[in-house]
Chemist: 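Take this structure first; my questions come after.
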Amino acid sequence: MPARLNLTRRAAIAALCTAIGAPAVQAQGAPGPITLIVPFAAGGPTDIVARLAAEGMSGPLGRTIVIENVGGAGGATGALRAARARPDGSVMVLGQMATHALTPLVNSTVGYDPVHDFEPIGIVANAPMVLAARKDVDAPSLAAFRDFVAANAGRLSFGHAGLGATSQVACELFNVMADAMPASVAYRGTAPALNDLVAGQIDFMCDQITSIAPQIRAGAVKGVTLMAGKRSPVLPDVPTSTEQGFPELEVEVWNGLLFPRGTAPALVEAANRALLATLRRPDVAQRLAELGASAPLEAENTPAAFRDLIARENRRWETVLRRAR
Ligand code: ASP
């Protein structure tokens, strides 16, 4: 009876730990694989960095990490699933600027509090957004593209990952700047939106450089602007929004790992250590650089710093969105 044996073993270990006062079972969390919820479709920017983190962290944690893509509602469906999971270390979420700042600010029905319902672990990657268009759009500059969208808004559409997704909010900032209302098409993540942009089903979209740069380099879509203050070495020919005179379009997205609220501090610390060990690996650092992304300095990549960032970003975006409305 293997199941019973297993239970008996667990009870014996728990009794031993109680006897010696060590929280060993707690620090290890529930047995079995860890589910890492990616709140968007497979193949998009959130998914890419989640898989990098999962592959690197499973060794140091001694646990298999299984990715579960739960897209919808600008990432809120997946984030809510994580917020409601048992806080035993068996479920974490790759949260980012959408799920933990924007989506809850624009949608009061998300069902979770991004600041209080999670135990932040650390940041996996920061990456700037890119505004890209159908490859046959003839607009040699951001100003020309703005004029094109303003003149043709009734016939144009942009794709994104749902209300409050960074892909939606970044493009809405552009739409406000262009004073235009093109049709808005929601997907479960930016990977399917990018497929439709390549196929010419939609006219433009905004996405993190991590997943969109290869399509720009291949000429499958047109890189209109990097929504940043500094050019990226992975897209050296795509001018920034700031150098083209639109600094208000700078959008850098943070992507990090979180457990549900109530997860034991020992589990959070162990996951943070595994994340830092992963980011320290030269092959992982090189992969992040190839993707156009970066990780924070190790000393600044703590659970406490991530918690502060989420609170700060909620305040900052509340102001930006209020002004944009
Ligand atoms: N992170 C993207 C967004 O916020 C979606 C994705 O990763 O697929 O729009």
Side-chain angles (χ1 to χ4, degrees), residues 36-54 67-82 92-107 110 112 114 123-132 157-175 184-198 202 204-216 221 226-228 249-258 288 291-295 309-310 313-314 316-317 320-321:
L36 171 51
I37 295 178
V38 173
F40 295 103
T46 315
D47 186 70
I48 291 171
V49 296
R51 283 171 203 272
L52 200 60
I67 304 271
E68 193 182 339
N69 295 89
V70 185
T77 309
L80 178 62
R81 171 105 50 107
M92 52 188 173
V93 62
L94 200 305
Q96 34 87 288
M97 204 166 82
T99 54
H100 283 74
L102 299 170
T103 310
L105 286 170
V106 298
N107 177 0
V110 293
Y112 62 89
I123 297 282
V124 181
N126 297 314
M129 296 290 283
V130 181
L131 171 58
S157 61
F158 73 105
H160 56 79
L163 184 65
T166 56
S167 46
Q168 192 248 348
V169 172
C171 268
E172 291 293 11
L173 290 178
F174 165 79
N175 292 335
S184 147
V185 185
Y187 297 80
R188 284 185 178 274
T190 45
L194 188 52
N195 285 342
D196 272 6
L197 185 65
V198 171
I202 53 173
F204 69 101
M205 66 181 286
C206 299
D207 196 7
Q208 287 172 66
I209 193 168
T210 33
S211 61
I212 211 162
Q215 300 288 11
I216 295 175
V221 301
L226 184 72
M227 306 177 83
L249 292 185
E250 280 185 26
V251 182
E252 185 172 67
V253 181
W254 37 271
N255 299 272
L257 293 166
L258 305 96
L288 279 180
L291 289 167
S294 59
L309 174 78
I310 294 170
E313 284 282 277
N314 272 267
R316 179 172 81 89
W317 278 106
V320 175
L321 295 174

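A quick note: this is a predicted structure, and the numbers were derived from the prediction, not measured. Counting starts at 1 for both ligands and their atoms, in listed order.
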Chemist: Considering only non-hydrogen protein atoms, determine which one is nearest to atom 7 (O) of ligand 1 and report residue, atom name and distance to 0.1 Å.
Modeler: Thr46 OG1, 2.5 Å

Chemist: List ligand 1 atoms under 4.0 Å from Ser167, heavy atoms only on the residue side.
Modeler: 3 (C), 4 (O), 9 (O)

Chemist: For the CD atom of Glu250 and the CG atom of Leu173, what is their distance to the nearest 0.5 Å?
Modeler: 11.5 Å

Chemist: Considering non-hydrogen atoms of the protein only, which is the closest contact for atom 1 (N) of ligand 1, and what is the distance?
Modeler: Gln96 NE2, 2.8 Å

Chemist: Gln208 heavy atoms, cut-off 4.0 Å: which ligand 1 atoms fall inside?
Modeler: 1 (N)

Chemist: Could you tell me if Asp207 and Ser211 have a donor-acceptor pair between their side chains, going purely by distance under 3.5 Å?
Modeler: yes

Chemist: Heavy-atom contacts with Gly189 under 4.0 Å: which atoms of ligand 1 show up? List them by number with element.
Modeler: 8 (O)

Chemist: Out of Thr190, Val251, Val253, which one pairs with Gln208 under the side-chain contact (heavy atoms from CB on, under 4.5 Å) rule?
Modeler: Val253

Chemist: Which protein non-hydrogen atom lies closest to atom 8 (O) of ligand 1, naming both residue and atom, and how far is it?
Modeler: Thr190 N, 2.8 Å

Chemist: Please check whether Thr166 reaches ligand 1 - meaning an N/O of the residue sits under 3.5 Å from an N/O of the ligand, judged on distance alone.
Modeler: yes

Chemist: Does a side-chain heavy-atom distance below 4.5 Å link Met97 with Asn255?
Modeler: no

Chemist: Does one side chain, of His160 or Ser184, offer a donor that lies under 3.5 Å from an acceptor on the other?
Modeler: yes

Chemist: Show the nearest heavy-atom pair for residues Ala41 and Asn69, with the distance to one decimal.
Modeler: C-ND2, 3.5 Å

Chemist: Under 4.0 Å from a heavy atom of Ala161: which atoms of ligand 1 are those, numbered in the order shown and with their elements?
Modeler: 5 (C), 9 (O)

Chemist: Would you check if the distance from the ring center of Phe174 to the ring center of Phe158 is below 6.0 Å?
Modeler: no

Chemist: With heavy-atom distances below 4.0 Å as the criterion, list the atoms of ligand 1 near Pro45.
Modeler: 6 (C), 7 (O), 8 (O)

